[in-house]
Amino acid sequence: MTEFLKEKTVFQRLPENVIPVHYEIMLEPNLEDFNFAGETNITIKVVESTSKIILNSLDLLIDEAKLEVEDGRVLIGNTTMYNESETAAIVFDTLIPKGNSILRLKFTGTLNSRLNGFYRAKYTIEGEVRHAACTQFEPTGARRCFPCWDEPNFKATFQFVLVVPKDKVALNNMPEVSSIEHPTNSSLRVVKFDTTPMMSTYITAVYVGEADFIESKTNSGVVVRVFTPKGEAETGRFSLDLAVKTLEFFDDYFKVPYPLPKADMIAISEYYGGAMENWGLVTFRETALLVDPVKTSVARKKRVASTVMHELAHMWFGNLVTMEWWTDLWLKEGFATFCSYLSGDKLLPSYEFINSMFSDCYGSAFHLDCLRSSHPIEVPVSSPNEIDEIFDEISYSKGSVLINMIHNFIGDEFFRNGMNMYLRKFAYKNSKTEDLWEALGEASSLPVKSVMSTWTRQMGFPLISVSIKQVGGVQKLEFSQERFIADGSKDENGLRWMVPITAVSEKSQTVPFATFLLDRSSEDIIIDSKVAEGWIKVNYGQLGFYRVKYSEELLKRLVPPLKSMTLPPLDRLGIVTDVDALVQAGKSSTVDLLELFWAYQSEDSYVVWSSICSGLSRLQNICEIMGYKKPMDSYTRKLLQKVLSMLGWNAVEGEKVTTGSFRARILLHAGLAGDKSVLEESRRRFKRHLDCVELIPADLRAAIYCIVMAFGDKETFETLKKLFNEESSSEERQRIGSAFGQARDESILHEVLEFSESEHVRKQESVLLLGAVASSQLGQQLAWNYYKEKHEDLVRKFPGAWHIGNVIQSFTSSFASEERAKEVEEFFSKHPAGVEMTVKQCVESIRLNAGWLTRDGESLKKYLDKYAE
Ligand code: BES
Ligand code: ZN
């Protein structure tokens, strides 16, 4: 008998008086009726005698619960479901004795369309709609597929059996061990898989559907396969080759072999995130795995590569060694992100992965962590929504940055040794953040734990102010630290970090003249008089996660080496991004930043320009609000002139692999700022593309679609929409969809919002379309009004924190007035969306923009007046 109880609960971890040891799980999905039947036999260990077993179960109907006790008795259980706490309690008439028993459960569930748990993914073949059954469990979806102890510390072994239509592919974490015809239904087959090693529930997975695959092997014999939509197996080639090399690389780097006999990767048509590291069966959205020789851009290939490497790094970090609880989520996410740059640098050097770590990870970590509403990297969480919300830039980007910092601090050799010790010690078990610090500390004999705790236990990061002064006959460099807060306010808690300071100078450009740990609020160091004469660059190579504020004098000295590009690219990037941040915090003026940008006119590095472009975009947003878009556009066009003519339109033989993305980024920026020649050429190329005279190279497509749409009309939109509807490549659909948002006509933008609801648009695409509409101020206002009207539908449509969090963020965070801040705050206090932290961050961003506008608006206008035409 099953009862459903609705109660308000505070989330609690499962009791540990009963623990799972081994699961046998049988699942029979029905791809026509969208439901499934299941059975699970769980070998449990009763640690303390009890008559009640509590485990997780959600949206399942448990029809039968029996317990087979060691002495052979079979007890019948009474099941009560607790929806709020996502648990089931199975109560028996008598006490269950200590020791092992087998819990036998029969249940049914729905193949849902939430992209979570056991779900159906829709796809179309020649106009015919079909479905695959697949799983997405992390963090708390396994309980929607089978009753289980769905917390990462309850590791157990699993053996899956799938009952599937004969002609369908059936996949699981482990290889198939047998496949036989169903005893009573000859259209079905029963597929049994091998038993897994000890693992957590959130990385188990199954797939039932159509797919083609290609296959290879690593040098140690691990079978690697990539599964693609039917007829497209070759689009998996790039990822397959990379996966083989990546597994070999990590085998060698960590000196711990990949523990499973196979590693499958599969692209799924409808997909919540980017990819998921199920052990031995990694799932991806199509754009994160498949590469088309004609349609895929280098930027996209790079994303595919980093996703593949990130997920494969999880096979060790996350899967073999797992965080004890979600509080330590960052351990695996930060680590896998760091690893993807580490292996990318070795395996695909021409993609310049290390450079992008600075624009990607450091950039986004700084961006979020300077807010008062940020959170420490180790964060207490309990409810599923809270857990969902910490899959954010703090866990990923700040996490990876901190690992990068410690890697650099102790050096590669000690780092590798420490990692190896850590992986061996905690293999098939769980760990906490400090276990990692202990291993790295032991390997290096350095105070890793005390240094790193200052970075993981408190939120934020320091601003290091640097000035030079003469005291008596000696020259001194003075360093001081305080928390950098986005609005420039003082941190009342007096936070301090242990900051690894490095500095180079004109006299010693590649070997730091100063390297030390700053752990006090300020410190002076005596410097050589020669060093004191020339330029001084702090945070050499930008490895440290801190901002630097130079005294006026020191900043001035840095301009010549910036212009001459004497400083390395990452240091040039560091200077401008630090000033940019100080401007937003009101510690430097916007006009100074616009002046500083001129020093970068002849800059030839993609990573530097990509940061400048991000800064320009934010300024353009502010100017759009002030009604000063035109002069800002004209400033932008002038600033980009040199780099634009340096890059031109066409690839030059022998140019760097990343130049295509660089060119596209600059063309897009100049084009959107109204550069006439860029616009004309974009239109010309678009027409030739449509007429099939000359296809636009993949690298340039996104930019050209955006530019023609921005200056296009209804007809342009209809043309793009037709392209979108007829296109099967997810990547191409994605770039066309993003271009829709460039429209500057209200009625088109309305249509895009409506189109996002169409059944021809995949769920993940509709998030993209909504975000695209909100990319301009006009679009953002429409999008926000739309959101307020559709709040409930949207929350229902996008369950979980991620999608709805993204939507809310793109719809609100670029507003720039106190009224909007209040409006957003009040709206969500009346209509919560389950993403309270994200909402707080949005409101804080709006207030920051408003503060910036009030502070610098007038001087900015005055400066830009000379660019008005
Ligand atoms: N473990 C995550 C998948 C995940 C993300 C599960 C959010 C639940 C919520 C996976 O390893 C991951 O990090 N995926 C990223 C891609 C990666 C390259 C950063 C994603 O899905 O965006
Ligand atoms: Zn991950």
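Both counts, for ligands and for their atoms, begin at 1 and track the order of listing. Bear in mind the structure is a predicted one, so any value in this text is a computation, not a measurement.
The distance from the Zn ion (ligand 2) to the nearest N/O/S atom of Glu277 is not under 2.8 Å.
A ring-centre distance under 6.0 Å is not found for His131 and Tyr123.
Tested against Phe461 for a ring pair (Phe, Tyr, Trp, His ring centres under 6.0 Å), the candidates Tyr362, Trp455, Phe545 yield a single pass: Phe545.
Other residues, nucleotides and ligands contribute over 12 non-hydrogen atoms within 6.0 Å of the NZ atom of Lys255.
A donor-acceptor pair under 3.5 Å is absent between the side-chain atoms of Glu232 and the main chain of Asp292, judged by distance alone. With hydrogens and angles disregarded, a donor-acceptor distance shorter than 3.5 Å links the side chain of Ser614 to the backbone of Ser610.
Closer than 4.0 angstrom to ligand 1 sit non-hydrogen atoms from Gln136, Glu138, Gly273, Gly274, Ala275, Met276, Glu277, Thr307, His310, Glu311, His314, Lys332, Glu333, Phe391, Tyr396, Trp802.
Rounded to 10°, the angle formed at the Zn ion (ligand 2) by NE2 of His310 and NE2 of His314 is 100°.
By the 30° and 60° cut-offs, the orientation of the rings of Phe158 relative to Phe146 is perpendicular.
Cation-pi contact between Arg416 and Phe254: absent, since separation from the ring centre below 6.0 Å together with deviation from the ring axis within 45° is not met.
Restricting Glu333 to its N, O or S atoms, the one at the least distance from the Zn ion (ligand 2) is OE1.
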